[in-house]
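Notes follow the structure.
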Amino acid sequence: MIDLRLVREHPDLVTASQRARGADESRVDELLAADAARRDAVRHADELRAQQKAASQAVKKAAPEERPAVLERARALAAEVKEAEEALRAADAALRAAHLRLPNVVHDGVPPGGEDDAVTLRTVGEVPGYDFEVRDHLQIGEALGAIDTERGAKVSGARFYFLTGPGALLEFALAQLAITRAVAAGFTPVVAPALVKPEAMEGTGFLGEHDEEVYRIERDDLYLVGTSEVALAGMHAGEVLDLSSPRRYAGWSSCFRREAGSYGKDTRGIIRVHWFDKVEMFSFCRPEEAAAEHLRLLAWEEEFLRALELPYRVVDIAAGDLGTSAARKYDIEAWFPSQGAYRELTSTSDCTTFQARRLNIRYKDADGRNQTAATLNGTLCAIARTIACLLEVHQRADGSVHVPAALRPWLGGAEVLTPGMALAAPVPPAA
RNA sequence: GGAGGCUUCGCCUAGUCCGGUCUAUGGCGCCGCACUGCUAAUGCGGUUUGGGUUAACCCCCAUCCCGGGUUCAAAUCCCGGAGCCUCCGCCA
């Protein structure tokens with residue numbers, strides 16, 4: 001939810017944001033009207049309640065002969081209060097609905113337009129040349145005995161997979177590398193629940209226009225998270241935090257996505273799947289620090305990809321392609337040789353106070369007043385897709401795959417993965 | 001899954017049986033002021049969180065885990081739910 005004061009005092013800014021998103025501008029006026037209506041309802045109900053309270057007090061003080069009359073007046077007022085409260089409830093609900101319909105206000109400088117209007121900020125690393133016919137990650141993974149999508153489909157359906165042998169080791173190697181680096185950077189590592197209540201899902205903005213993407217366990221009224229962002233944001237719901245410096249978590253969890261509406265897209269391999277594991281960075285900070293924190297998250301993402309020796313580019317996502325909660329979003333797209341294209345590998349969003357307001361996450365400012373916090377998230381490593389990218393980029397003519405130095409400690413020191421190789425046990429980095 | 005107990009303004013706590021004097025008691029902590037040439041101690045005052053209104057102060061409303069209900073009136077009575085604890089069962 002955006003700040004109501006901003007809408008009241010600078011509706012033009014909010015309208016401009018809607019325009020940049022290509023979203024309905026009239027929603028701003030709807031929200032203003034709902035806000036005014038609610039305040040009227042509050043005033044009316046409060047006033048009646050005050051009268052009714054006084055009348056009720058008078059009952060017990062009334063002399064016996066006055067009592068019936070006083071009681072009658074109190075009764076009448078009670079009925080009026082009840083009516084006013086019903087009207088207030090309706091006005092509250094209308095305001096909330098209008099409030100929830102409005103996405104976050106985009107930052108200045110976000111490119112206008114939609115999916116095709118993203119601006120490439122920089123391109124890092126050399127796109128390798130291959131003097132042989134490149135294979136895609138599934139061909140490579142199958143040859144290595146690392147990825148099995150056929151049996152994944154047998155057991156769970158399309159877009160499921162098994163990681164086996166070196167594939168399974170790669171999963172843990174990447175998770176270890178991500179968590180190790182995050183801890184070194186000062187993040188608190190977290191293993192987060194993948195099943196959450198509706199409040200957490202709604203609070204992070206995933207039940208709006210994108211609720212088709214989400215798995216719901218109807219019987220228990222729980223949702224499977226699409227990212228641990230949901231649990232990490234919800235972790236501090238309703239709390240007042242000390243944010244003298246940003247509070248940073250690196251959360252590991254499985255992620256589940258229905259991929260509704262993506263039929264026919266990326267059907268091969270493990271680039272787009274219903275389930276994968278991910279290490280996610282999440283920050284709580286003061287709103288004035290959010291933009292700087294956003295760049296820090298982006299920098300950590302880039303360092304991770306450089307450690308994996310993957311060529312990539314950084315993209316500033318256009319307003320129309322931003323999620324509901326985001327005021328700005330940078331994607332990092334890594335090179336996939338089999339597609340001859342850069343594809344999204346990580347993503348970081350500045351949600352400003354939008355999520356925290358819904359989730360009621362606050363901090364005390366210098367004057368000791370409670371203020372709404374800002375939240376930001378960023379992918380450190382979406383494991384399945386990263387494995388796919390690694391296999392493709394680092395493939396060699398003979399079907400083997402180069403292992404980046406950063407990953408070797410967790411792959412038994414192996415410098416290369418070769419079909420049929422004996423698996424070495426992971427060795428922790430030298431003490 | 002079954003049985004019982006608990007949940008009060010940061011923490012602890014009084015109040016709940018028997019509805020109105022609860023505008024919620026006291027302690028700890030915290031903040032301010034006074035006093036003591038330091039520290040400590042002491043005294044006085046303040047200290048839930050939201051909303052409405054306001055230039056501001058004031059004032060008003062809500063808030064005793066949450067949601068309903070009874071009543072002129074609910075921390076208190078009734079119904080439903082959540083969380084925590086204990087015991088039994090089951091389970092990795």
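Only this structure's heavy atoms are used, side chains among them; waters, hydrogens and symmetry mates stay out. Not measured: the values here are computed from a predicted model.
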What is the base-pairing partner of B:rC87, counting Watson-Crick and G-U wobble geometry with both distances under 3.5 Å?
B:rG2
Ring centroids only, cut at 6.0 angstrom: are A:His236 and A:Tyr249 within range, meaning strictly under it?
yes
Could you check which nucleotide pairs with B:rA55 in any of the strands shown, counting Watson-Crick or G-U wobble with both distances under 3.5 Å?
none
Check this for me, if you would: do A:Asp266 and A:Arg343 make a salt bridge, where the nitrogen-to-carboxylate-oxygen distance has to be below 4.0 angstrom?
yes
Scan every strand shown for a Watson-Crick or G-U wobble partner of B:rU7, both distances under 3.5 Å, and answer none if you come up empty.
B:rA82
Using a strict 4.0 Å threshold on nitrogen-to-oxygen distance, state whether A:Asp35 and A:Arg39 make a salt bridge.
yes
Say you pick atom P in B:rC59 and the same atom in B:rA40; how far apart are they, in whole Å?
35 Å
Measure all distances between protein nitrogen or oxygen atoms and nitrogen or oxygen atoms of nucleotides 67-74 of chain B, and list the pairs falling under 3.5 Å.
unit_1, atom_1, unit_2, atom_2, d
B:rC72, OP1, A:Arg75, NE, 2.5
B:rC72, OP1, A:Arg75, NH2, 3.0
B:rC72, O3', A:Gln52, NE2, 3.4
B:rC72, O2', A:Gln52, NE2, 2.8
B:rC72, O2, A:Ser56, OG, 3.3
B:rA73, O4', A:Ser56, OG, 2.8

Quick note, salt bridge (charged side-chain N to carboxylate O under 4.0 Å, His left out) partners involving residues 225-235 of chain A, not counting sequence neighbours, are none
I'd like a list of close polar pairs between nucleotides 51-53 of chain B and the protein, N/O only, cut-off under 3.5 Å.
unit_1, atom_1, unit_2, atom_2, d
B:rG51, O3', A:Arg38, NH2, 3.1
B:rG51, N2, A:Asp46, OD2, 3.2
B:rG52, OP1, A:Arg38, NH2, 3.2
B:rU53, OP1, A:Arg43, NH2, 3.2

Whole-angstrom distance between B:rC17 and B:rA74, as gauged at atom C1'
15 Å
Find the partner of B:rC77: check Watson-Crick (N1-N3 plus N6-O4 or O6-N4) and G-U wobble (N1-O2, O6-N3) distances, both under 3.5 Å, and reply none if neither fits.
B:rG69
Across every strand shown, the nucleotide meeting Watson-Crick or G-U wobble geometry with B:rA24 (both distances under 3.5 Å) is none
In whole Å, what separates the C1' atom of B:rG69 from that of B:rG19?
15 Å
Looking only at side chains, do A:Ser325 and A:Asn104 share a donor and an acceptor under 3.5 Å apart?
no
What is the distance, rounded to the nearest whole Å, between atom NE2 of A:His44 and atom P of B:rC61?
15 Å
Using the P atom in both, what is the distance from B:rG5 to B:rG46, to the nearest Å?
40 Å
Could you state the atom-to-atom distance from CG of A:Asp92 to C1' of B:rC61 in whole Å?
13 Å
Using the C1' atom as the point on both nucleotides, what is the distance between B:rC28 and B:rU23, in whole Å?
24 Å
Is A:Arg19 salt-bridged to A:Glu25, cutoff N-O under 4.0 Å?
yes
Any side-chain donor paired with an acceptor under 3.5 Å for A:Lys278 and A:Thr227?
yes
Rounded off to whole Å, could you give me the CZ-to-P distance for the A:Arg5 and B:rG50 pair?
12 Å
Give the table of side-chain donor-acceptor pairs shorter than 3.5 Å for residues 316-324 of chain A, with sequence neighbours excluded, one pair per line with atom names and distance.
unit_1, atom_1, unit_2, atom_2, d
A:Asp316, OD1, A:Arg328, NE, 3.3
A:Asp316, OD2, A:Arg328, NH2, 2.6

Send over the distance from A:Ile361 CD1 to B:rG50 P, rounded to a whole Å.
14 Å
Heavy-atom nearest nucleotide on RNA chain B taken for A:Glu47 and for A:Asn370; more 5' hit belongs to A:Asn370
Checking base pairs now: Watson-Crick or wobble, both atom distances under 3.5 Å. What partners B:rG32?
B:rC44
Run the salt bridge (Lys or Arg N to Asp or Glu O under 4.0 Å) test against A:Asp277 and tell me which residues pass, sequence neighbours left out.
none
State, without any angle test, whether A:Glu392 and A:Ser338 hold a side-chain donor-acceptor pair at a distance under 3.5 Å.
yes
Take atom P in B:rA82 and the same atom in B:rA24, then report the distance between them in whole Å.
32 Å
What's the CD-P distance between A:Glu9 and B:rA55, to the nearest Å?
13 Å
Euclidean distance for P, B:rG83 against B:rG67 (whole angstrom)
16 Å
Taking atom P in both B:rU70 and B:rG52, what distance in whole Å separates the two?
29 Å
Quick one: A:Lys364 NZ to B:rC30 P, roughly how many Å, whole number?
16 Å
Does A:Lys53 make a side-chain N or O approach to OP1 or OP2 of B:rG20 shorter than 4.0 Å?
no
Any donor-acceptor N or O pair under 3.5 Å, side chains A:His294, A:Tyr330
no
Taking only nitrogen or oxygen atoms into account, show me every contact under 3.5 Å that the protein makes with nucleotides 75-83 of chain B, one pair per line with its distance.
none

Any ion pair linking A:Glu259 and A:Arg159 (charged N to carboxylate O, less than 4.0 Å)?
no
Can you tell whether the side chains of A:Arg43 and A:Asp46 come within less than 4.0 Å, N to carboxylate O?
no
